[in-house]
Chemist: 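One structure is given below, represented as structure tokens, and several questions about it will come after.
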Amino acid sequence: MNLGYACINMTLGEEKPKVTTNRSMIKKTFLAKGPEYAGELALLNCRDLFEILKWNKENGIKFFRLSSGIFPWASEYDIEDLPQYHRIKTILSGCGNYAKKNNIRITSHPGPFNVLVSPREHVVKNTITDLTNHGKVFDLLGLDRTPYNKINIHCNGVYGDKASALNRFCENFELLPESVKTRLTVENDDKASMYSVKDLMYIHKRTGIPIVFDYHHHQFCTGDLSEQEALELAITTWPDGIKPVVHYSESKSIHESNGKVKPQAHSDYINELPNTYGNSVDIMVESKAKELSLLPFVIH
DNA sequence: CATGGTCAAGTGGCA
DNA sequence: TGCCACTTGACCATG
């Protein structure tokens with residue numbers, strides 16, 4: 001079992017200059033400076049990715065979620081056309097080799113704007129663009145084309161007709177490139193009206209993609225399954241030889257005894273690890289304090 | 001140099 | 001109707 005954290009390393013983020021893979025810019029700046037400047041930021045982001053991977057190795061952390069912001073404004077240009085492309089390619093290749101050599105699992109979680117179930121054509125088109133860029137970056141890293149290196153999304157929409165939406169997911173899945181289809185996973189939601197693990201089984205049966213079980217979300221959208229039932233149903237969707245991933249976080253409102261905070265909000269730290277009921281999984285911990293929150297649980 | 005207002009994208013839920 | 005939360009705070013104009 002490996003514990004992972006998402007996108008940001010707080011420790012390195014406090015160094016000067018700070019180590020981060022999230023350099024970006026507002027639209028106005030992108031329009032003024034163009035993809036060339038985006039490439040400069042991407043190059044720095046990629047260099048810092050290597051620093052974070054080294055930190056992870058030195059601190060016994062073998063699971064990390066890559067930021068979706070590593071290439072700012074990636075939807076507006078082709079990564080291959082950046083003037084820094086060859087340098088970026090070399091660096092990412094080095095990052096991927098380093099991760100593989102040290103058994104660091106890298107995954108990603110593209111944002112809520114990715115809506116493969118949308119009835120609106122331009123939304124699906126934008127989704128395909130963003131997911132394709134994630135697949136490209138994973139290919140540049142030389143990561144496996146399997147859900148070991150997953151690109152994980154939510155459905156992100158119901159439109160009052162879940163069955164139709166699920167169908168659109170499966171139809172639009174076929175429009176994705178192999179770099180994405182081979183890595184894509186889908187995660188249960190944190191709203192009762194949305195998709196439980198049970199709902200997502202329809203997608204798994206039609207496309208074969210695995211389901212990521214989120215413990216925290218499950219509390220708000222059970223699909224009438226117990227935690228153990230939902231977890232183990234999700235686990236059945238993973239291919240042989242690839243350890244399933246689960247997401248774990250604790251409720252901020254419980255940590256702070258504050259009823260005003262939405263129960264869905266994540267806490268800074270975690271008090272415990274989830275019950276895996278004896279199953280072997282990798283656990284992505286989603287907490288505000290990032291790597292700091294999992295250090296107490298990491299065995300060196 | 002610190003700080004606060006503002007920031008690409010889609011959707012659902014809530015005041 | 002408008003804000004917030006979600007993958008993740010970070011950018012940048014102003015003082």
Side-chain angles (χ1 to χ4, degrees), chain A residues 4-10 12-14 16-33 35 37-38 40-41 44-45 48-49 52 64-77 106-131 133-134 137 150-162 165 168-169 172 184-195 212 214 216-217 220-221 245 247-249 251-253 260-266 268 284-291 293:
Chain A
Y5 67 101
C7 308
I8 291 166
N9 183 297
M10 306 281 281
L12 295 175
E14 282 173 15
K16 290 179 183 174
K18 86 174 194 177
V19 174
T20 175
T21 63
N22 290 308
R23 293 174 187 82
S24 188
M25 60 193 138
I26 61 172
K27 187 174 186 177
K28 191 173 140 191
T29 309
F30 179 67
L31 291 176
K33 299 190 171 182
Y37 181 60
E40 278 180 42
L41 297 182
L44 295 172
N45 286 340
D48 281 356
L49 173 62
I52 292 174
F64 179 65
R65 181 186 296 168
L66 181 67
S67 167
S68 293
I70 190 162
F71 284 85
W73 293 91
S75 57
E76 304 304 311
Y77 54 86
I106 296 177
T107 62
S108 67
H109 199 344
F113 314 108
N114 289 274
V115 193
L116 217 43
V117 302
S118 180
R120 301 160 69 191
E121 198 174 338
H122 84 275
V123 175
V124 174
K125 184 170 168 285
N126 292 345
T127 299
I128 293 171
T129 301
D130 195 31
L131 292 178
N133 281 326
H134 281 79
V137 173
K150 74 185 164 64
I151 298 173
N152 176 56
I153 58 173
H154 290 267
C155 289
N156 287 328
V158 175
Y159 316 92
D161 184 352
K162 204 181 275 185
R168 285 194 298 274
F169 188 105
N172 293 330
L184 199 69
T185 61
V186 66
E187 177 181 344
N188 58 311
D189 284 299
D190 68 356
K191 295 188 186 93
S193 65
M194 297 191 76
Y195 301 87
V212 170
D214 186 307
H216 191 221
H217 294 171
F220 308 98
C221 182
V245 172
H247 291 177
Y248 180 70
S249 53
S251 189
K252 187 182 178 73
S253 58
K260 288 179 195 164
V261 177
K262 281 192 178 180
Q264 281 92 338
H266 293 172
D268 293 348
M284 176 54 62
V285 176
E286 296 173 330
S287 56
K288 299 294 178 195
K290 302 297 175 188
E291 85 285 0
S293 67

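Here is the naming used below: chain letters follow the sequence lines, and residue numbers restart at 1 for every chain.
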Chemist: Please identify which of these residues, A/I153, A/V115, A/N156, meets the side-chain contact (heavy atoms from CB on, under 4.5 Å) condition with A/F169.
Modeler: A/I153
Chemist: What is the distance, rounded to the nearest whole Å, between atom NE2 of A/H154 and atom P of C/dA5?
Modeler: 16 Å
Chemist: If I pick the P atom on C/dA10 and the same atom on B/dG10, what distance separates them, to the nearest angstrom?
Modeler: 23 Å
Chemist: What is the separation between atom CG on A/D189 and atom C1' on C/dA5, rounded to the nearest whole Å?
Modeler: 12 Å
Chemist: Determine, stepwise, if the pair A/H154 / A/D189 fulfils side chain to side chain donor-acceptor pair (under 3.5 Å).
Modeler: CA-CA 7 Å; A/H154 290 267; A/D189 284 299; 2.9 Å; yes
Chemist: Under 3.5 Å, which N/O atoms of the protein pair with N/O atoms of nucleotides 7-11 of chain B?
Modeler:
from	atom 1	to	atom 2	distance (Å)
B/dA8	OP1	A/K27	N	2.7
B/dA8	N1	A/S75	OG	3.3
B/dG10	OP1	A/H122	NE2	3.3
B/dT11	OP1	A/S118	OG	2.9
B/dT11	OP1	A/Y159	OH	2.5
B/dT11	OP2	A/R120	NH1	2.3

Chemist: Tell me: CG of A/D161 to P of B/dG12, nearest whole Å?
Modeler: 12 Å
Chemist: Taking the same atom, P, in B/dT3 and in C/dC6, what whole-Å distance lies between them?
Modeler: 26 Å
Chemist: From A/E76 CD over to A/F71 CZ, what is the distance, rounded to the nearest 0.5 angstrom?
Modeler: 15.0 Å
Chemist: Mind listing the closest non-hydrogen atom pair of A/A6 and A/M284 along with its distance?
Modeler: N-SD, 4.0 Å
Chemist: In whole angstrom, give the distance that lies between atom NZ of A/K288 and atom C1' of C/dG9.
Modeler: 9 Å
Chemist: Would you write out the dot-bracket form of DNA chain C, 5' to 3', with Watson-Crick and G-U pairs under 3.5 Å, [ ] for crossing pairs, | for pairs to other strands and . for unpaired bases?
Modeler: ||||||..|||||||
Chemist: Taking atom P in both B/dA8 and C/dT1, compute the distance separating them and give it to the nearest angstrom.
Modeler: 24 Å
Chemist: How many whole angstroms separate atom NZ of A/K33 from atom P of C/dC11?
Modeler: 11 Å
Chemist: What is the distance, to the nearest angstrom, from the CZ atom on A/F220 to the C1' atom on B/dG13?
Modeler: 14 Å
Chemist: Using a heavy-atom cut-off of 4.0 Å across all strands, would you classify A/H247 as base, sugar-phosphate, or nothing?
Modeler: nothing
Chemist: Say you pick atom P in C/dC4 and the same atom in B/dG5; how far apart are they, in whole Å?
Modeler: 13 Å
Chemist: From C/dC11, C/dT8, C/dG9, pick the nucleotide closest to the side chain of A/R23?
Modeler: C/dC11
Chemist: Do the side chains of A/E40 and A/R23 get close enough for a salt bridge, i.e. N-O under 4.0 angstrom?
Modeler: no
Chemist: Expressed in angstrom and rounded to an integer, what is the separation of A/D214 atom CG from C/dC6 atom P?
Modeler: 11 Å
Chemist: Please report the distance, rounded to the nearest Å, between CG in A/D268 and C1' in C/dT8.
Modeler: 14 Å
Chemist: Indicate whether any N or O donor in one side chain lies under 3.5 Å from an N or O acceptor in the other, for A/H216 and A/E286.
Modeler: no
Chemist: Does any part of the side chain of A/S293, heavy atoms only, come nearer than 4.5 Å to the side chain of A/V285, both counted from C-beta?
Modeler: yes
Chemist: Do the non-hydrogen side-chain atoms of A/V186 and A/Y195 ever get within less than 4.5 Å of each other?
Modeler: no
Chemist: Considering every strand and a 4.0 Å limit on heavy-atom distances, what is the contact class for A/K125: base, sugar-phosphate, or nothing?
Modeler: nothing
Chemist: When you compare the side chain of A/I151 with that of A/L131, does any pair of heavy atoms fall below 4.5 Å?
Modeler: yes
Chemist: What integer number of Å spans the P atoms of C/dT8 and B/dG4?
Modeler: 25 Å
Chemist: Is any side-chain heavy atom of A/F220 closer than 4.5 Å to a side-chain heavy atom of A/M194?
Modeler: no
